[in-house]
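Everything on this sheet refers to the single structure shown next.
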Amino acid sequence: MTAVSEHLAHPMVDRFGRVHRDLRISLTDKCNLRCAYCMPPEGVPWLSKNNILTTDELVRVAEVAAVLGIEEVRLTGGEPMLRQDAVDVVRRMAAIEGPSGPLEVSMTTNGMALPKHAADLAAAGLARVNISLDTLSKERFHELTHRDRLSDVLAGIDAALAAGLNPVKINAVAMRDVNDDELVDLVRFAARSGCEMRFIEQMPLDAGHVWSRVRMVRGEEILESLEQAFELTPLPGRGAAPAERFLVDGGPTTVGVIRSVTKPFCGACDRVRITADGQLRNCLFAREESDLLTVLRSGGSDDDIATLMHRCIAGKLPGHGIDDPGFLQPDRPMSAIGG
Ligand code: SAM
Ligand code: SF4
């Protein structure tokens, strides 16, 4: 039971009227892959182990967030399944009741642990899963991630489907001269498997700071490439979702394109994030964080947690500013923020 006072127990609304319903929680910054757009081959300095939120702390934060109108929790990382307690976190979070019902718990994962854990995750109450897969070529996968693990990811997709997780979405970052010749094949693969394929524009969030706007494959190019093979019909009703969705050849297969850079959806953003070390972020690209860890570890009350969350959202900027002349990439890489 949370003890959030009545005057704080209301949705988190920012200065632009955006109501925040979606909480992204990074369970760990560690990962067992080294995707080039995210982490360098040698890894990055890991967050201090002592600062990683415990299961109880994560659950407490989610309970307060539910009182503040959060309806969906997405577990991410780093690789969330590297946390020993991942299934337990799902079970405890899925049992949290907010004002409009139980929290919907989903996960973004590289899929490698799913052959072993998909059934447990589904039984624990995981609603949906997004699995990252940028290529169907074993050699390319190895080159891109520095690990020879394509077959584990493919087995993970099968396991997610067999466990009844629905929908299973497959995320690929489109990269020039890396996988931009595979976009159609990836859609066909997803359709055969009964998944939805989604392509993401590469964002300036790599630890090596080597992102280049000129090299980035733009959403428009992704669509042009798909339109060479398929008839795409836009689907209405996007809401706060980042993906623009299209019916492929009249359906039922669909494909999504996430144009975070060239067609930002900041105006509809309903997301707030917590890093594995307990820092609240109101945007992937935020330059400032709110220190929830200290509140949690210094005897803060549920009202203190709620106050910090409201304050964090109150300070949210209208957009991520990638196009502003003064744009600065956040200090944390994607793996330490939580994608
Ligand atoms: N390890 C898990 C995974 O890969 O699915 C979860 C964390 S990962 C950071 C979450 C998502 O962010 C993945 O779909 C990944 O492809 C995406 N991502 C990582 N770096 C990115 C970047 N620079 N631009 C766009 N998407 C990125
Ligand atoms: Fe790991 Fe996910 Fe980053 Fe790839 S994108 S290195 S799987 S955290």
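Whatever order the structure lists them in is the order used to number ligands and atoms, beginning at 1. What you see below is based on every heavy atom in this structure, not just the backbone, and it leaves out hydrogens, waters and symmetry mates. Sequential numbering from 1 along the given sequence is applied to the chain's residues.
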query = For ligand 2, what is the set of protein residues having any non-hydrogen atom at a distance below 4.0 Å?
reply = Cys31, Leu33, Cys35, Tyr37, Cys38, Gly78, Asn110
query = Salt bridge check: are Glu288 and Arg281 linked by an N-O gap of less than 4.0 Å?
reply = no
task = Considering only non-hydrogen protein atoms, determine which one is nearest to atom 5 (O) of ligand 1 and report residue, atom name and distance to 0.1 Å.
result = Ser132 OG, 2.6 Å
key: Closest approach of any protein heavy atom to atom 11 (C) of ligand 1, naming residue and atom   = Thr108 CG2, 4.2 Å
message = Does this structure show an ion pair linking Asp177 with Arg215, if we count only N-O contacts that are shorter than 4.0 Å?
response = yes
inquiry  = Counting non-hydrogen protein atoms only, what is the nearest one to atom 8 (S) of ligand 1? Give residue, atom name and distance.
reply    = Gly77 O, 4.3 Å
message = I'd like to check whether Gln202 has a polar contact with ligand 1, where a contact means an N/O of the residue lying under 3.5 Å from an N/O of the ligand.
response = no
ask   = Is it true that Ser335 lies under 4.0 Å from ligand 1, counting heavy atoms only?
value = no
Check against side chain to side chain donor-acceptor pair (under 3.5 Å), Thr28 and Glu79 = CA-CA 7 Å; Thr28 174; Glu79 174 44 44; over 6 Å; no
message = Salt bridge or not between Arg147 and Asp152? Use side-chain N to carboxylate O under 4.0 Å.
response = no
message = List ligand 1 atoms under 4.0 Å from Glu79, heavy atoms only on the residue side.
response = 1 (N), 2 (C)
ask   = Will you find, in the side chains of Thr2 and Asp302, an N or O donor that is under 3.5 Å from an N or O acceptor?
value = no
task = Could you tell me whether Arg259 and Glu220 make a salt bridge, using a distance below 4.0 angstrom between a side-chain N and a carboxylate O?
result = no
request  = Can you figure out which of Met334, Gln329, Glu201, Arg24 has its heavy atom closest to atom 12 (O) of ligand 1?
outcome  = Met334
note = Residue, atom and distance of the protein heavy atom nearest atom 26 (N) of ligand 1 read Val173 CG2, 3.6 Å
task = Kindly give the heavy-atom pair with the smallest separation between Cys31 and Asn110, and that separation in Å.
result = SG-ND2, 3.9 Å
ask   = Below 4.0 angstrom, N of the basic side chain to O of the carboxylate: do Glu196 and Arg245 qualify?
value = yes
message = For Asp304 and Thr307: C-alpha separation, side-chain torsions, deciding distance, then whether side chain to side chain donor-acceptor pair (under 3.5 Å) applies.
response = CA-CA 5 Å; Asp304 293 331; Thr307 301; 5.3 Å; no
ask   = Between Ile131 and ligand 1, which residue portion shows a heavy-atom distance shorter than 4.0 Å: side chain, backbone, both, or neither?
value = neither
inquiry  = Check Asp270 with Arg18, please: is the shortest side-chain N to carboxylate O separation under 4.0 Å?
reply    = no
ask   = Should you measure from each heavy atom of Asn171, which atoms of ligand 1 turn up under 4.0 Å away?
value = 14 (O)
task = Determine, using heavy atoms of Gly78 and all atoms of ligand 1, whether some pair is separated by less than 4.0 Å.
result = yes
key: atom 23 (N) of ligand 1: the protein heavy-atom neighbour that sits closest, reported with distance to 0.1 Å   = Met203 O, 2.9 Å
Salt bridge Asp277-Arg332, side-chain N to carboxylate O under 4.0 Å = yes
key: Interfacing atoms of ligand 1 (cut-off 4.0 Å, heavy-atom, Thr76)   = 6 (C), 7 (C)
request  = Write out the residue and atom name of the closest protein heavy atom to atom 20 (N) of ligand 1, then the distance separating them to 0.1 Å.
outcome  = Tyr37 CD1, 3.3 Å
query = Is any side-chain N of the basic residue among Arg140 and Glu143 closer than 4.0 Å to the acidic one's carboxylate O?
reply = no
ask   = Which of the atoms in ligand 1, numbered in the order shown and given with their element, are less than 4.0 Å from a heavy-atom of Asn110?
value = 2 (C), 3 (C), 5 (O)
query = Counting both backbone and side chain atoms, is some N or O of Asp134 under 3.5 Å from an N or O of ligand 1?
reply = no
task = Determine, for Arg34 against Glu42, whether the closest basic-nitrogen to carboxylate-oxygen distance falls under 4.0 angstrom.
result = no
query = Near Arg238 CZ, under 6.0 Å, is it more than 12 heavy atoms from other residues, nucleotides or ligands?
reply = yes
